[in-house]
Amino acid sequence: MTTVNDNSSEYITNSSSSSSAGLKSLITVIILICVCISGFISRLFSIIRFESVIHEFDPWFNYRSTVYMTDNGFYNFLNWFDDLAWYPLGRIVGGTVFPGLMVTSGAIHWFFHMINIPIHIREICVFLAPIFSGLTALATYLLTKELWSKRAGLFAAAFIAIAPGYSSRSVAGSYDNEAIAIFALIFTYYLWIRSIKTGSIFWSSCTALSYFYMVSAWGGYVFIINLIPVHVGFLLLLGRYSLRLYVSYSIFYILGLILSMQIPFVGFQPVRTSEHMIAAGIFILLQAYTFFDYLYNKLRYVRNIETIFFNLSVIISIIVFAIVVLLTYTGYIAPWSGRFYSLWDTSYAAKHIPIIINLHLLICLYPVGAWFCVKDLNDERVFILLYAVFASYFAGVMIRLMLTLTPCVCILAAIALSKTLDYYADAESSEMVSNYDDSVSICDEVENDENNQYLDNNAQNIDETDDNDDDQNFLTSNIKIIVVTCIAMMLLLFIVHCTWITATAYSSPSIVLVSYNSDGTRAIVDDYREAYYWLRQNTPEKARIMSWWDYGYQIAGMSNRTVLVDNNTWNNSHIALVGKAMASNETEAYKIMTMLDVDYILVIFGGVIGFSGDDINKFLWMVRIAEGEHPKDIKENNYFNDNKEYRVDKSGSPILFNCLMYKLCYYRFGELYTDSAQPSGFDRTRSVEIGHKNFDLEHVEEAYTSANWIVRIYRVKKLSNRFQAKDALEKLTSSLSEESFEKNDGKGVILNKPHVKKGTKKSMRRT
Amino acid sequence: MSQLGQVVGILRKLNEEYQISTPKKLKLIDAYLVYVLLTGIIQFAYCLLVGTFPFNSFLSGFISTVGCFILAASLRIQLNKANQSTFNVTPERAFADFVFAHIILHLVVMNFIG
């Protein structure tokens with residue numbers, strides 16, 4: 001009887017396991033498609049509310065470069081010298097930019113045009129980030145599948161698709177490097193884990209290629225080239241050395257090294273700077289370790305061989321370290337560059353960790369997942385733990401790096417959740433739990449269907465194992481349902497939070513503002529684009545625009561005019577000169593502006609609608625930067641009132657009232673009533689009535705003010721003609737009066753007649 | 001002196017064992033490795049003597065030798081029957097991967113050599 005039952009149940013389990021395997025993969029594919037779609041859709045808020053437009057500042061430069069590349073071809077883009085930026089100096093774009101983003105959009109554009117779908121480059125640029133977020137979710141699924149299991153992988157993909165930490169930098173319209181860099185990061189890590197597990201040359205080469213894509217995309221590639229060597233070092237320390245490790249790291253390092261030097265911006269840095277030296281050091285160490293390991297295996301019979309080798313490896317690592325230190329000291333290897341040096345400042349890290357908004361529920365599950373990885377340690381889980389430690393530290397130091405922490409948090413939280421649900425979401429009765437438990441821990445790295453097979457085979461042994469389950473019996477189905485329901489509710493809250501945060505906080509395009517009237521209706525403030533298009537259509541093509549550096553990329557992108565300084569901020573003296581012009585009085589500023597060939601000045605003023613990101617609020621920074629380069633002419637204290645406050649009302653300092661920025665922002669503002677309850681000239685941003693009204697401009701004239709007075713454009717007047725007579729009319733009428741007319745015998749009179757000095761004739765020779 | 005004698009004895013025994021136990025295929029790869037190593041040493045010596053002027057060319061050539069060495073060493077490791085347990089790869093697949101990595105390496109070297 002048992003044999004018949006065995007055969008029939010085996011038959012049933014075989015067919016059901018093969019169809020359940022098919023069902024599993026179908027569900028996996030459907031879930032991943034839903035994850036990609038939800039990731040894409042949750043980033044579209046600003047497109048729906050406003051329109052398909054590039055956001056903020058930096059993306060405008062990337063967009064302009066992409067347009068240049070699609071118009072002029074790839075080689076012209078690599079060799080592009082931009083003369084519209086940094087007016088007299090220009091900018092070598094090819095050598096100072098990470099081309100991955102532009103090349104990706106350009107390739108998609110080329111592909112679509114090749115199959116005759118005429119999609120505009122702007123649409124590709126706007127929607128690139130949401131599409132790549134779907135790809136990032138897939139890469140996270142693959143990585144977590146290698147680390148733990150497919151079930152955890154699905155959770156991780158779902159988390160990364162909607163996590164605010166990532167979507168804040170990848171909404172539609174945010175056309176910046178991080179859009180593709182995070183995908184490249186996770187995909188490289190997935191390939192690295194795969195190559196460590198298999199030790200195959202093919203996967204290591206693929207890791208190097210993916211690393212090359214990452215280097216072309218973002219400056220944060222330094223994170224990869226330091227984390228992977230640290231991982232290798234830790235594996236060596238933990239005694240987890242294997243030949244697979246040697247093969248995968250050596251091939252990845254060498255191919256990655258030469259590939260990364262193909263990007264012009266990176267150049268020779270990988271062999272010259274300290275940031276890349278850890279990778280080189282670990283490479284040499286690994287070669288030596290492998291060589292000694294090989295000899296050790298051959299020479300086992302020699303006594304004391306272990307101590308000899310241990311001493312030798314220690315000596316060699318000390319020698320390599322000393323060589324690196326010596327090369328750094330003598331200058332062959334550049335020391336840690338400024339941006340990375342500041343990351344080691346631990347005092348800063350203690351103060352700034354805002355995580356709840358960006359990570360919500362995941363931050364609670366994150367340490368749990370890390371603990372589970374520590375409990376069941378293997379080579380790849382060492383990697384994710386190191387990633388977690390370093391990413392947490394760096395995110396604490398610099399808030400922008402929260403972006404690199406988010407994938408790690410998603411993965412570890414998914415692991416925690418998956419392991420929890422493995423216990424509690426099990427629909428079978430509690431006797432199965434112990435068997436399932438064993439099979440989970442044994443078959444964790446084995447495919448899901450084999451797991452099921454083992455489980456179903458165990459189903460027949462249910463009677464024998466009854467007495468082993470006394471300690472697991474408390475997990476009745478009631479408790480399981482309660483726990484699963486609670487987890488489901490928490491996840492729902494997480495989804496609501498993520499969507500709400502993305503919709504409210506991270507979806508504003510910064511170039512179009514919205515304000516709400518007292519009756520709740522929306523008022524769109526489109527001043528920026530209005531003014532930039534005025535510039536584009538009403539100024540000569542070679543006009544030079546002076547503004548603060550924040551707006552440089554936007555002006556160059558939308559108005560297509562030459563700017564003096566832009567967001568690249570590579571030349572501090574030039575910026576300081578612009579700051580000095582803004583902070584000096586009109587005559588001094590005019591001298592600087594004629595020296596720099598400025599035709600138009602653009603300022604941002606938010607006093608009419610209460611916009612707080614305007615130039616008056618940024619003015620002290622302009623003063624400080626100018627003071628750094630011209631300390632004799634500009635002193636910050638001059639712009640404060642007697643109480644050492646920076647105020648624009650009656651108590652403000654007279655030097656502030658006479659400086660160019662004040663005059664340009666508040667010209668004619670004294671006649672305007674912004675609030676019926678307040679006097680004229682009431683600045684709604686600073687909430688004061690301005691102190692200096694009703695003045696005139698001498699060397700500039702107003703060219704354009706946008707609808708809500710946010711953008712104000714002024715034309716620099718050319719030098720006046722020679723004889724500037726203020727009271728010309730008086731002089732003329734007085735000289736034309738009756739008496740002078742008669743004095744001159746009826747002739748007219750020339751004002752300011754130049755006196756001719758008669759020269760003496762040379763005396764004639766008399767012979 | 002006795003230590004020196006000991007070291008010489010060890011080296012001789014190592015050499016004997018190597019000649020006997022390694023199959024012909026692996027000895028061929030080892031000869032190739034020695035050749036690549038010599039090429040690398042010659043390039044580095046040249047760079048030290050004459051200077052690094054076209055630095056990209058020097059780097060490209062040197063990394064080419066190091067890359068060839070690493071790839072051949074990895075191939076040898078994967079072909080060695082003693083390591084069958086750690087690698088789950090057939091010899092044909094190992095060689096195909098070797099060729100794939102070499103294609104990538106030489107394409108980049110050609111691009112970089114200037």
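Below, each value reflects all heavy atoms present in this structure, side chains not excepted, and no hydrogens, waters or symmetry copies. Within every chain, numbering begins at 1; the chains are lettered A, B, ... in the order of the sequence lines, protein sequences first and strands thereafter. Since the model is a prediction, treat every value here as computed from it, not as a measurement.
- Looking at A/Y294, only its side chain comes within 4.5 Å of chain B, counting heavy atoms on both sides.
- Geometrically, B/R93 does not engage B/F87 in a cation-pi contact, judged by NZ or CZ lying under 6.0 Å from the ring centre and within 45° of the ring axis.
- Listed options A/I254, A/I258, A/L209 were ranked by heavy-atom pairs under 4.5 angstrom with chain B; first place goes to A/I258.
- Neither the backbone nor the side chain of B/A96 comes within less than 4.5 Å of any heavy atom in chain A.
- Using a 4.5 Å cut-off between heavy atoms, B/F55 touches chain A through backbone and side chain atoms alike.
- Interface summary for chain B: among A/A208, A/C206, A/S250, the most heavy-atom pairs under 4.5 angstrom belong to A/S250.
- In terms of heavy-atom pairs under 4.5 Å with chain A, the best-connected choice from B/V89, B/N83, B/I70 is B/I70.
- Neither the backbone nor the side chain of B/S64 comes within contact range of chain A; no heavy atom of the residue lies under 4.5 Å from a heavy atom of that chain.
- At most 12 heavy atoms of other shown residues, nucleotides or ligands fall within 6.0 angstrom of atom CZ in B/F95.
- No side-chain N or O of A/T188 forms a donor-acceptor pair with one of A/Y213 less than 3.5 Å apart.
- Side-chain atoms of A/S204 come within 3.5 Å of backbone atoms of A/S200 as a donor-acceptor pair (strictly under, hydrogens ignored).
- Between B/F58 and B/Y46, the gap from one ring centroid to the other reaches at least 6.0 Å.
- Ring planes of A/Y253 and A/Y249: parallel class, angle under 30° (limits at 30 and 60°).
- Closest of all the heavy-atom pairs between B/H102 and B/C68 is CE1-SG, 3.5 Å.
- The aromatic rings of A/F202 and B/F100 lie tilted to each other, with the angle between the two planes from 30° to 60°.
- Of all the heavy atoms in A/G199 and A/V247, the pair that sits closest is O-CG1, 3.7 Å.
- In this structure, chain B has a heavy atom under 4.5 Å from the side chain of A/Y246, while its backbone stays farther away.
- A/F283 touches chain B through its side chain: at least one heavy atom from C-beta onward sits under 4.5 Å away, while N, CA, C and O do not.
- Looking at A/L255, the atoms closer than 4.5 Å to chain B (heavy atoms on both sides) all sit in the side chain, from C-beta outward.
- Using a 4.5 Å cut-off on side-chain heavy atoms (C-beta onward), A/F265 and A/V97 make no contact.
- Ranked by non-hydrogen atom pairs under 4.5 Å with chain A, the options B/I77, B/L75, B/L107 are led by B/I77.
- Between A/Y211 and A/F252, the ring planes are perpendicular. Angles over 60° get that label, and only those under 30° would be called parallel.
- Listed in order of number, the residues of residues 232-245 of chain A that approach chain B to under 4.5 Å between heavy atoms are A/L243, A/R244.
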